Amino acid sequence: MSTRDWILHVDLDQFIAAVELLRHPELRGKPVVVGGSGDPTQPRTVAATATYEAREHGIHSGMPLRTALKRCPEAVFLPSDPPAYEAASERVMATLRDFPVRLEIWGWDEAFIGATTDDPEALAADIQHAVRARTDLSCSVGIGDNKHQAKLASGYAKPAGIYRLTSENWAEAMNDRPTDALWGIGARISKKLAGLGLHTVAQLAAADPAHLAEHFGPTNGPWYRYLALGKGEAEVVTTPWIARGHSRETTFQRDLTDKTDIAHHIATLADQVAQDAIEADREVTRVSVKVRFTPFLTRTRQSKLPVPTTDPGTITEAALTILDRFDLTRPVRLLGVAVEYTLPQE
DNA sequence: TCTGGGGTCCTAGGACCC
DNA sequence: TCTGGGGTCCTAGGACCC
């Protein structure tokens with residue numbers, strides 16, 4: 001076997017549920033649902049994740065907790081605890097960093113690795129053993145020529161397995177699959193593609209790029225075909241990610257109708273976002289306000305600040321001015337404030 | 001199934017300027 | 001007076017992902 005570059009995708013299995021089961025070993029083997037404050041009678045709260053035992057009752061992430069409770073009254077509901085997941089994630093990433101590889105972290109529970117080796121499966125197995133030894137967590141590892149292939153490969157590898165998906169076996173593994181199996185094509189685009197007679201990955205790969213550009217734009221159209229051919233980014237970026245922006249939003253359990261009340265909540269969110277920006281040492285260039293009306297109509301308004309700032313007063317005032325541009329005659333179920341940061345060295 | 005929270009990127013249309 | 005074409009910036013919304 002010859003030495004060459006590979007991309008590995010490390011994906012922790014059932015990450016949030018696994019962390020919770022380490023803290024509550026007595027719940028192993030039981031249906032467990034994690035989400036919100038852990039109260040399944042609370043409206044407008046959804047599951048962050050569900051264990052395999054809970055999934056057998058038809059429960060899945062994104063499902064309202066009240067629905068989950070109806071489907072499985074004996075399920076155990078736990079509150080979501082982001083700091084605990086953050087801490088567990090850091091232990092995993094520290095473990096990966098000890099390997100002589102290039103590491104790109106992609107959130108709490110996944111990372112891409114660039115490695116030069118003649119045996120990527122052996123490296124993958126070493127990684128799995130190290131992660132299990134150091135954190136008691138299990139992961140799946142996908143191996144590919146690029147990130148797209150490696151990402152899909154880790155899906156095939158689940159749970160706790162290793163799978164290699166390269167240009168060699170791409171067609172065999174992917175050609176008959178629906179287009180939304182590709183990483184970057186979701187339900188909407190897949191449906192639109194089906195409307196053009198493109199149902200499978202093979203059909204999308206054989207489509208005319210110009211025709212795709214007509215329907216999906218000059219960048220996206222050809223990009224979808226590119227994905228269907230198994231191509232993708234192969235560069236592992238080891239420098240830490242610089243956030244483009246930041247936001248905070250709240251869904252209220254009971255609708256807001258009072259304008260003073262709404263303005264008060266917007267001011268609070270804006271101040272939080274400003275404090276976050278100060279803590280992150282980033283300047284804000286743009287402020288946007290999000291309002292979701294009942295039943296589920298979402299609208300956003302934004303404006304660019306005359307001068308980048310971190311001043312909470314300025315950011316809050318901007319958010320309140322933007323809020324004035326909304327028609328607030330309908331009941332409101334969600335409010336949000338988002339900011340865009342200036343990018344360094346620009 | 002009455003549908004969270006936090007991100008990223010792309011597109012399209014209008015304003016404005018030359 | 002009327003009109004062209006291009007470039008850039010701003011804003012709103014859509015789609016995707018975890």
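Side chains included, hydrogens not; waters and symmetry mates left out as well; all remaining heavy atoms used. Here is how names work: the chains are called A, B, and so on, in the same order as the sequence lines, proteins then strands, and each is numbered from 1. What you see is a predicted model; the values in this text were computed from it and never measured.
The closest donor-acceptor contact from the side chain of A:Gln253 to the backbone of A:Arg44 lies at 3.5 Å or more, if one exists at all.
With respect to the salt-bridge test (charged N to carboxylate O, under 4.0 angstrom), the residues A:Arg4 and A:Asp145 qualify.
For DNA chain C, if you chain together Watson-Crick or G-U pairs that step i with j, i+1 with j-1 and so on, the runs of at least three with distances under 3.5 Å are B:5-18 with C:5-18.
The distance from atom CZ of A:Phe252 to atom P of B:dG5 is 9 Å, rounded to the nearest whole Å. When the C1' atom of C:dC18 is taken as reference, atom CG of A:Asp11 falls 10 Å away, rounded to whole Å. C:dC17 atom P lies 17 Å from atom CD of A:Glu104, rounded to whole Å. In this structure, A:Phe216 atom CZ and C:dC16 atom C1' are separated by 14 Å, rounded to whole Å. Distance, A:Trp241 CH2 to C:dC17 C1': 13 Å, rounded to whole Å. Residue A:Arg282 contributes atom CZ, which lies 17 Å from atom P of B:dG6 at whole-angstrom precision. Protein atom CG of A:Asp109 is 11 Å distant from nucleotide atom C1' of C:dC17, rounded to whole Å. Between the CZ atom of A:Arg55 and the P atom of B:dT1 there is a distance of 18 Å, rounded to whole Å.
Taking atom C1' on both C:dG4 and B:dC17, the two are 14 Å apart, rounded to the nearest angstrom.
The closest side-chain heavy-atom distance from A:Glu20 to A:Asp81 is below 4.5 Å.
At a non-hydrogen distance threshold of 4.0 Å, nothing from residues 57-87 of chain A comes into contact with DNA chain C.
Phosphate proximity of B:dG5 to A:Thr251: present, with a side-chain N or O under 4.0 Å from OP1 or OP2. For the pair A:Arg292 and B:dT3, the criterion of a side-chain N or O lying under 4.0 Å from OP1 or OP2 is not met.
Within the nucleic acid shown, A:Lys191 has no heavy atom closer than 4.0 Å to any nucleic acid atom. Looking at heavy-atom distances under 4.0 Å, A:Pro43 makes no contact with the nucleic acid at all. At the heavy-atom level, A:Thr294 lies nowhere under 4.0 Å from the strands shown.
Taking hydrophobic clusters as Ile, Leu, Val, Met, Phe, Trp and Tyr residues chained together by side-chain heavy-atom distances below 4.5 Å, A:Trp170 shares a cluster with A:Leu227.
Under the side chain to side chain contact (heavy atoms under 4.5 Å, CB included) criterion, A:Arg225 pairs with A:Pro209, A:Leu212, A:Leu229, sequence neighbours left out. For A:Tyr52, there are no ring-ring contact (aromatic ring centres under 6.0 Å, His included) partners two or more places apart in sequence or in a different chain.
An aromatic stacking contact between A:Phe296 and the base of B:dC2 is absent, as defined here by ring centres under 5.5 Å apart and ring planes under 30° from parallel.
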What string of B, S and - do you get for nucleotides 7-15 of chain C, 5' to 3', when a contact is any protein heavy atom under 4.0 Å? ---SSBS-S
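With a 6.0 Å radius and a threshold of 12 heavy atoms from other residues, nucleotides or ligands, A:Glu26 has its CD atom above the threshold.
Across A:Asp13 and A:Ala160, no two heavy atoms sit closer than the pair OD2-N, 2.9 Å.
The ring pair (Phe, Tyr, Trp, His ring centres under 6.0 Å) pairs that include a residue from residues 261-310 of chain A are A:Phe252-A:His265, where partners are two or more places apart or lie in different chains.
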